[in-house]
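Everything on this sheet refers to the single structure shown next.
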Amino acid sequence: MTRNRNSEPNPNNDDNDTLKTPPRDSAGTSGMRLVVPLQGVVQGRGGLILGSLIPCALFYFLQFYSKRHRSTKPPSSSSSSNPPSPSTSSQNLPDLQRSSSRLNLSTRGSNGRVFLSSRASFVNAPNDSPYYIGMDRFRADPYNELDNPDGIIDLGIAENRLSLDLIEKWISSNLNGSMLGRGGDGLNINGILTYQPFDGLAELKLAMAGFMSLVMGEKVSFDPSRMVLTSGATPAIEVLCFCLADHGNALLVPTPYYPGFDRDIRWRTGIDLIPVHCRSSDAFVVNITALDQAFSQARKRGQKVRGILISNPSNPVGNILSKGMLLSLLDFAREKNIHVISDEIFSGSNYGGEEFVSMAEILDEEDPVRDRVHIIYGLSKDLSVPGFRLGVLYSFNENVVAASKKLTRFCSASAPTQSLLVAMLLDAGFIKDYMRTNRGRLRKVFDLFVAGLKQFGIECMNSSAGLYCWVNMSRLISPYNEKGELELWEKLLDVAKINVTPGSACHCIEPGWFRCCFSTLAEKDIPVVMERIRKVVERS
Amino acid sequence: MGFESAKNNSILSKLATNEEHGENSPYFDGWKAYDNNPFHPLKNPNGVIQMGLAENQLCFDLIEEWIKKNPKASICSTEGIKSFKAIANFQDYHGLPEFRRAIAKFMEKTRGGRVTFDPDRVVMAGGATGANETIIFCLANPGDAFLVPSPYYPAFNRDLRWRTGVELIPIHCESSNNFQITPKAVKEAYDNAQKANIKVKGLILTNPSNPLGTTLDEDTLKSLLNFTNQHNIHLVCDEIYAATVFDTPQFVSIAEVLNDNETNYCNKDLVHIVYSLSKDMGLPGFRIGIVYSFNDAVVNCARKMSSFGLISTQTQHFLAAMLSDEKFVANYLAESAKRLAKRHKHFTNGLLEVGIKCLKSNAGLFCWMDLRPLLRESTFESEMSLWRVIINEVKLNVSPGSSFDCQEPGFFRVCFANMDDETVDIALSRIRRFVGVKRSGDESNAAEKKQQWKKNNLRLSFSKRMYDESVLSPLSSPIPHSPQVR
């Protein structure tokens with residue numbers, strides 16, 4: 001197989017894009033503009049009706065007009081489409097109208113001739129999020145103490161490398177029978193190779209319920225029948241969103257939020273994320289007034305808000321929501337008749353004094369709002385096995401559980417890995433020991449990291465969970481805006497050779513904040529990182 | 001806006017509350033019958049035998065033997081633990097390089113080594129189900145359509161349409177020419193779609209065919225490739241049964257046809273392959289789906305999408321080791337084909353003894369059984385009532401042709417590779433007994449076949465389908481598969 005072209009995004013794409021802007025769009029925008037003057041013109045009681053009826057009618061006729069104009073074109077395009085000749089823009093036009101009427105993205109192929117879906121074009125567009133750019137830069141030149149001491153140190157990915165040795169030790173002393181099963185527990189070769197329930201092995205659900213309860217302080221129990229297992233938290237959250245919202249609906253998301261949400265949630269579901277800005281003065285904790293405002297603004301735009309998405313412990317800030325805050329969020333959801341999605345994937349990675357409270361814990365058995373509460377969990381962070389791809393969707397709504405079980409046919413976890421995890425999670429002694437040790441180690445590295453930054457006068461947000469800290473470098477940026485922030489980010493990447501995530505990638509409204517993941521570092525790496533940061537601090 | 005009558009459902013999406021999953025279709029009764037009363041040789045000898053599941057269980061012993069010999073491959077052993085750290089933490093959606101290499105090599109082997117595959121084009125997905133959906137997500141927008149030769153795998157109606165919003169337009173194949181795909185039928189389906197103002201984005205081929213168990217010859221593939229190329233639409237080849245070919249003619253992959261000089265002018269960017277290890281290696285529990293595209297933009301897009309269905313690195317690591325063992329793979333493929341051939345022969349001969357014919361096939365884990373002589377009359381109602389008798393009285397879960405969108409009543413897909421020899425014999429003896437009873441019972445009725453019916457109804461049902469798609473009558477979403485299986 002020869003490759004026709006490399007996988008770099010074709011610069012022509014963008015040119016095609018502008019060329020292909022369909023006339024329908026321009027008709028649409030002029031229709032929208034009409035609303036404003038007419039509202040002024042047609043006043044009084046009938047103003048609202050007339051003011052909206054007239055533009056609607058105008059818009060309708062405009063569409064009709066442009067459609068008639070289009071229908072004259074096909075003869076020329078159909079004759080030119082028979083031989084595989086490069087398409088002209090006029091040929092593209094009829095193709096384009098249909099797709100762009102659905103998404104505000106135009107069809108773009110690798111060469112302007114092969115039409116892919118709008119979704120494909122969305123993701124194949126050059127990636128401008130520093131979160132992903134930094135990741136790619138790191139992959140191209142990864143730091144290694146011996147082989148590549150000048151390589152990039154990655155503080156961008158929330159990955160826990162501090163306690164892998166514990167898991168390694170457990171596996172080597174417990175699973176000598178390889179994957180063929182361990183005698184009496186019923187997981188034999190047939191239980192691995194053949195079709196299994198797509199929503200996860202029953203044994204693993206049971207073990208997972210126990211593990212989640214343990215992680216969350218044994219104050220709440222989880223019901224395996226409300227649980228759906230997927231190949232990672234990414235598909236879990238996508239499946240959930242497919243169940244909760246239709247194309248064009250929106251979720252409210254307090255900022256700063258995990259940069260991956262923009263792709264994981266919006267991409268294939270067509271759901272919008274509406275950022276609700278939080279400020280450092282509130283320790284970046286959301287307040288209900290801001291939520292309420294965002295909700296009504298969306299409603300005014302005619303957009304249906306289907307829920308709130310929170311991460312607790314917060315990613316990227318690392319703080320934990322109080323019980324009172326959770327109750328207010330529930331009240332808000334009840335009042336607005338919307339869902340609450342609580343992403344609790346870092347709940348076992350809490351190392352501070354604050355006590356983690358799960359959404360599951362505060363729900364009253366009788367409260368009808370239960371139907372709107374859904375929890376996302378996974379083993380990638382708390383058990384540090386992201387490679388094993390195990391995500392959990394836990395919902396109090398039976399219909400969501402039923403629908404998402406069906407959807408797991410697209411993303412079910414590999415059976416041999418599931419059976420390995422069953423054995424691991426059921427070893428209560430090991431899990432308790434692991435959790436304790438892991439928390440201790442997280443605490444230690446966190447303290448070292450924060451102390452290291454402090455020597456340059458750089459402060460971190462108070463945090464008590466997660467694999468990262470939320471660092472305030474606003475003092476180092478100039479100008480004090482997103483541009484300044486990104487300049488500093490580039491400097492950190494190019495000069496200091498460390499990859500961090502700038503706040504703007506997390507939609508943070510205040511410039512100068514960065515997420516730094518510390519759990520990929522060994523203790524001995526911290527001085528290296530600090531030395532590198534020093535270079536940037538002293539130059540700016 | 002939010003005041004739908006069903007209060008509980010109004011807070012969920014349409015996708016979560018509509019019936020597109022198809023599990024309430026009448027076809028689901030077969031699965032329910034099996035689930036409620038599954039056959040077991042000792043515990044439940046009168047239970048329903050599962051013949052609706054295309055699973056390849058004939059060579060499990062070979063895999064088991066290999067695992068025992070290679071404890072290093074699964075990281076969960078003292079020998080294998082060294083790789084643990086690298087494996088547990090690896091979460092790059094490109095996949096382990098050795099895994100992609102092994103998959104590319106395996107794809108070459110299952111195509112007789114006549115073509116090479118580039119590991120950089122191998123993209124992971126959650127099973128063939130996930131792979132099929134991914135490719136559709138990459139190629140089409142909601143409302144666009146794909147042509148599919150029918151009879152086709154029933155779950156396509158769900159897997160390809162459900163979340164993507166894409167439509168399927170059947171290309172009807174007929175028993176008169178052994179269900180071969182004719183250029184005329186393809187053109188007709190395409191033209192009808194054009195007339196209905198539906199944008200056709202591509203053509204999906206299942207080669208070897210599910211449910212027919214036949215392979216497409218090189219000429220057919222070439223003409224289909226020509227067709228898609230000429231109309232500038234995509235050609236998606238679902239080749240998940242590639243290594244189940246147990247008889248001549250040998251399997252021809254679209255990748256081979258693309259390499260041919262005659263098709264040099266064809267735009268490779270329009271061709272995509274879906275692959276999986278669920279059928280060829282009999283490993284559906286591993287959930288390995290592969291998208292292999294000749295289009296860089298699609299590779300790039302599908303790879304990013306693979307984060308919605310990544311394969312566990314432990315599983316990748318294990319398979320990389322197993323599939324790189326050339327001796328094992330060669331032996332496995334040869335032995336598997338031999339065992340499938342034997343089982344197929346045994347089963348079809350057993351059916352022939354009582355006068356039941358199957359479509360001549362050379363691949364797959366099933367055969368396409370012709371029970372037209374047993375129908376009371378040539379209608380789908382009779383097919384359904386015969387099917388219910390087979391499930392409830394003969395106690396075999398087979399799949400009726402109408403669920404595959406077959407246009408002629410009386411065909412059934414019967415899977416034969418998901419059971420041991422004894423179970424096959426019990427199934428055969430049940431069929432023998434039933435056909436004996438049935439034949440003596442209503443000899444006279446079987447004679448009254450209404451041939452005229454067929455011609456009148458064909459066109460009608462096609463145009464009706466176009467409009468019915470959104471209404472979703474139970475028949476337009478015929479999925480006899482349970483949530484657990486494909």
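Chain letters run A, B, ... following the sequence lines, proteins first and then strands; every chain starts at 1.
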- Query: Taking every heavy-atom pair that is under 4.5 Å apart, which of A:Cys243, A:Cys411, A:Ala403, A:Ala402 has the most such pairs with chain B?
  - Reply: A:Cys243
- Item | Heavy-atom closest contact (B:Phe308 atom, A:Arg263 atom, distance) | CZ-O, 4.3 Å
- Test item: B:Phe318 and A:Pro416 side chains (from C-beta on) under 4.5 Å apart, heavy atoms: no
- Query: Would you say the side-chain atoms of A:Ser118 and B:Asn141 include a donor-acceptor pair closer than 3.5 Å?
  - Reply: yes
- A:Thr417 and B:Thr315 side chains, donor-acceptor separation under 3.5 Å: yes
- Query: Using non-hydrogen atoms only, which part of B:Ile311 is less than 4.5 Å away from chain A: side chain, backbone, both, or neither?
  - Reply: backbone
- Spell out, as yes or no, whether a donor-acceptor pair under 3.5 Å connects the side chain of B:Ser13 to the backbone of A:Phe242. yes
- Item | Side-chain heavy atoms of A:Glu238 within contact of B:Arg163, under 4.5 Å | yes
- Answer yes or no: is there a side-chain heavy-atom contact under 4.5 Å between A:Arg139 and B:Asp92? yes
- B:Ile11 backbone acceptor or donor facing A:His339 side chain under 3.5 Å: yes
- Would you mind telling me which of A:Leu407, A:Leu244, A:Thr269 makes a side-chain contact (heavy atoms from CB on, under 4.5 Å) with B:Leu15? A:Leu407
- Query: Looking only at heavy atoms, which two atoms of A:Tyr195 and B:Ala54 are closest? And how far apart?
  - Reply: CE1-O, 4.3 Å
- Task: Please confirm whether B:Lys199 makes a cation-pi placement over A:Phe115, using NZ or CZ under 6.0 Å from the six-membered ring centre and within 45° of the ring normal.
- Result: yes
- Side-chain contact test, heavy atoms from C-beta onward, threshold under 4.5 Å: evaluate it for B:Arg158 versus A:Arg409 and give yes or no. yes
